[in-house]
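Counting begins at 1 with the first residue of the sequence.
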Amino acid sequence: MAAAASAAADGAEEPGMEAEAPELPLGCGGEGGSPAAGRSPEGEERRDPPQASVSNGGDAESGKELVELKVIWNKNKYDVKFCLDSTGAELKQKIHSLTGLPPAMQKVMFKGLLPEEKTLREIKVTNGAKIMVVGSTINDVLAVNTPKEAAQQEVKAEENKKEPLCRQKQHRKVLDKGKPDDVMPSVKGVQERLPTVPLSGMYNKSGGKVRLTFKLEQDQLWIGTKERTEKLPMGSIKNVVSEPIEGHEDYHMMAFQLGPTEASYYWVYWVPTQYVDAIKDTVLGKWQYF
């Protein structure tokens with residue numbers, strides 16, 4: 001038995017007696033059990049096919065169409081390539097990564113306020129389009145929000161002590177003129193975005209016609225009368241108060257607080273109720289609730 005084992009061992013070393021190699025699965029480094037990994041059966045070196053180039057974010061590889069944008073925020077400009085079929089909400093996330101500005105605190109403008117649910121293709125964004133961003137970081141907001149909140153609480157406390165605004169003498173003389181014939185239609189029980197045209201047909205405290213234009217790309221509110229147009233930075237407006245008009249609850253009287261006291265209120269009468277919340281959010285910013 002020992003002699004047979006020795007003979008078997010010697011036989012394995014004899015020239016021309018090659019041991020049979022186990023077969024490897026295809027694609028595992030060799031073909032058909034070839035002993036030279038990385039070589040073809042003919043002995044030539046095998047070359048891997050060239051890899052496809054990878055674009056920014058892999059969009060080109062997956063066939064997505066990109067559009068070049070110029071994002072402008074706080075005097076900073078960013079050149080961005082973004083998927084044309086992404087939504088406004090996804091663009092806000094991208095802006096967040098660039099600026100640190102949370103999406104909820106962004107006003108993004110492209111031909112008006114950018115709709116979050118629509119894609120850039122649907123709103124006809126093209127190469128080279130300018131995307132304007134307005135907003136403040138959380139640290140900036142916290143620095144100015146405390147006095148604003150205090151002012152709002154004081155105003156609410158005073159309002160609770162008084163009779164309804166529409167019954168006060170200073171307002172009655174305007175309201176008694178009746179609803180203007182050319183005031184914009186109202187929709188009760190509905191909240192809508194600001195229209196793309198100015199809000200017009202309303203009265204100011206002297207009974208003259210007034211219109212409100214929201215210049216989002218400049219972060220300004222324009223209050224226009226027959227005589228002149230006041231251009232107010234939205235950050236300078238301390239508060240916005242409103243109250244439904246008795247007997248015409250689908251319209252509100254509204255005041256913009258331009259200074260520290262009630263004497264600085266700029267009153268506007270016959271504001272359609274569906275735009276009241278949008279006006280407050282636009283002027284004060286949604287972050288007022290943080």
Mind running side chain to side chain contact (heavy atoms under 4.5 Å, CB included) on Met253 and Val174 for me, showing each step along the way?
CA-CA 10 Å; Met253 48 188 296; Val174 179; over 6 Å; no
Side chain to side chain contact (heavy atoms under 4.5 Å, CB included) assessment of Lys209 paired with Asp182
CA-CA 10 Å; Lys209 287 295 181 67; Asp182 57 346; 2.8 Å; yes
Are Leu258 and Leu232 close enough, and set up right, to give a side chain to side chain contact (heavy atoms under 4.5 Å, CB included), and what steps lead you there?
CA-CA 9 Å; Leu258 308 181; Leu232 305 174; 3.7 Å; yes
Check against side chain to side chain contact (heavy atoms under 4.5 Å, CB included), Phe256 and Val268
CA-CA 8 Å; Phe256 301 97; Val268 178; 4.1 Å; yes
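Under a 3.5 Å cut-off, the side chain of Arg211 and the backbone N or O of Ile223 do not form any donor-acceptor pair. Panel note: side chain Lys215, backbone Trp222; no donor-acceptor pair is recorded below 3.5 Å. A donor-acceptor contact shorter than 3.5 Å links the side chain of Trp73 to the backbone of Gly135. Distance alone, capped at 3.5 Å, is enough to place a donor-acceptor pair between the Gln106 side chain and the Leu101 backbone. A donor-acceptor distance shorter than 3.5 angstrom exists from the side chain of Gln274 to the backbone of Pro185, with no hydrogens or angles considered. No donor-acceptor distance shorter than 3.5 angstrom exists from the side chain of Gln218 to the backbone of Leu216, with no hydrogens or angles considered.
Considering every non-hydrogen atom in both Asp250 and Ser186, the closest pair reads OD2-OG, 2.8 Å. In this structure, Gly259 and Ser264 approach most closely via the heavy-atom pair N-OG, 2.8 Å. The minimum heavy-atom distance linking Cys166 with Arg172 is given by the pair O-NH1, 2.7 Å. What you find for Val283 and Phe214 is that their closest heavy atoms are CG2-CE2, 4.0 Å. Summarising the geometry of Pro103 relative to Gln93, their closest heavy-atom pair is CG-NE2, 3.7 Å, with the distance given to 0.1 Å. Here the closest heavy-atom approach between residue Tyr251 and residue Met184 is recorded as OH-O, 2.9 Å.
A side-chain contact (heavy atoms from CB on, under 4.5 Å) with Ile131 is found for one member of Leu114, Leu120, Val108, Ile72 and no other, namely Val108.
Considering only heavy atoms from C-beta on, Met234 stays 4.5 Å or farther from Val134 through its side chain. Between Lys111 and Ile123, every side-chain heavy-atom pair lies at or beyond the 4.5 Å cut-off. Using a 4.5 Å heavy-atom threshold, the side chains of Ile237 and Leu221 count as touching. No side-chain heavy atom of Val210 sits less than 4.5 Å from a side-chain heavy atom of Tyr269. Under the 4.5 Å side-chain criterion, counting only non-hydrogen atoms from C-beta, Val240 is in contact with Met254. A 4.5 Å side-chain heavy-atom check between Ile279 and Val271 finds at least one atom pair inside the cut-off. Side-chain contact between Lys130 and Glu217: absent, with no pair of heavy atoms (C-beta onward) separated by less than 4.5 Å. Two residues are said to be in side-chain contact when any heavy atoms from C-beta on lie closer than 4.5 Å; Leu69 and Val125 meet this criterion.
With rounding to the nearest 0.5 Å, the separation of CD in Glu230 from OG1 in Thr225 is 8.0 Å. Rounded to the nearest 0.5 angstrom, Lys124 NZ and Thr119 OG1 are separated by 10.0 Å. The NZ atom of Lys81 sits 9.0 Å away from the CG atom of Asn127 when rounded to the nearest 0.5 Å. Between atom CG of residue Leu113 and atom OG1 of residue Thr282 there is a gap of 7.0 Å, rounded to the nearest 0.5 Å. Rounding to the nearest 0.5 Å places OG1 of Thr273 at 9.5 Å from CD of Glu249. Here the NZ-CE distance, from Lys107 to Met132, works out to 12.5 Å after rounding to the nearest 0.5 Å.
Within 6.0 Å of CD on Glu192 lie more than 12 heavy atoms contributed by other residues, nucleotides or ligands. Around the CZ atom of Arg167, the shell of radius 6.0 Å holds no more than 12 heavy atoms that belong to other residues, nucleotides or ligands.
For Lys177 and Tyr203, the positive end sits near the middle of the six-membered ring, less than 6.0 Å away and at most 45° from its axis. Relative to the six-membered ring of Trp267, Lys205 misses at least one condition, a distance below 6.0 Å or an angle of at most 45° to the axis.
With no hydrogens or angles considered, a side-chain donor-acceptor pair links Lys280 and Ser242 at under 3.5 Å.
Under the 4.5 Å side-chain heavy-atom criterion for Ile, Leu, Val, Met, Phe, Trp and Tyr, Tyr275 and Val187 are members of distinct hydrophobic clusters.
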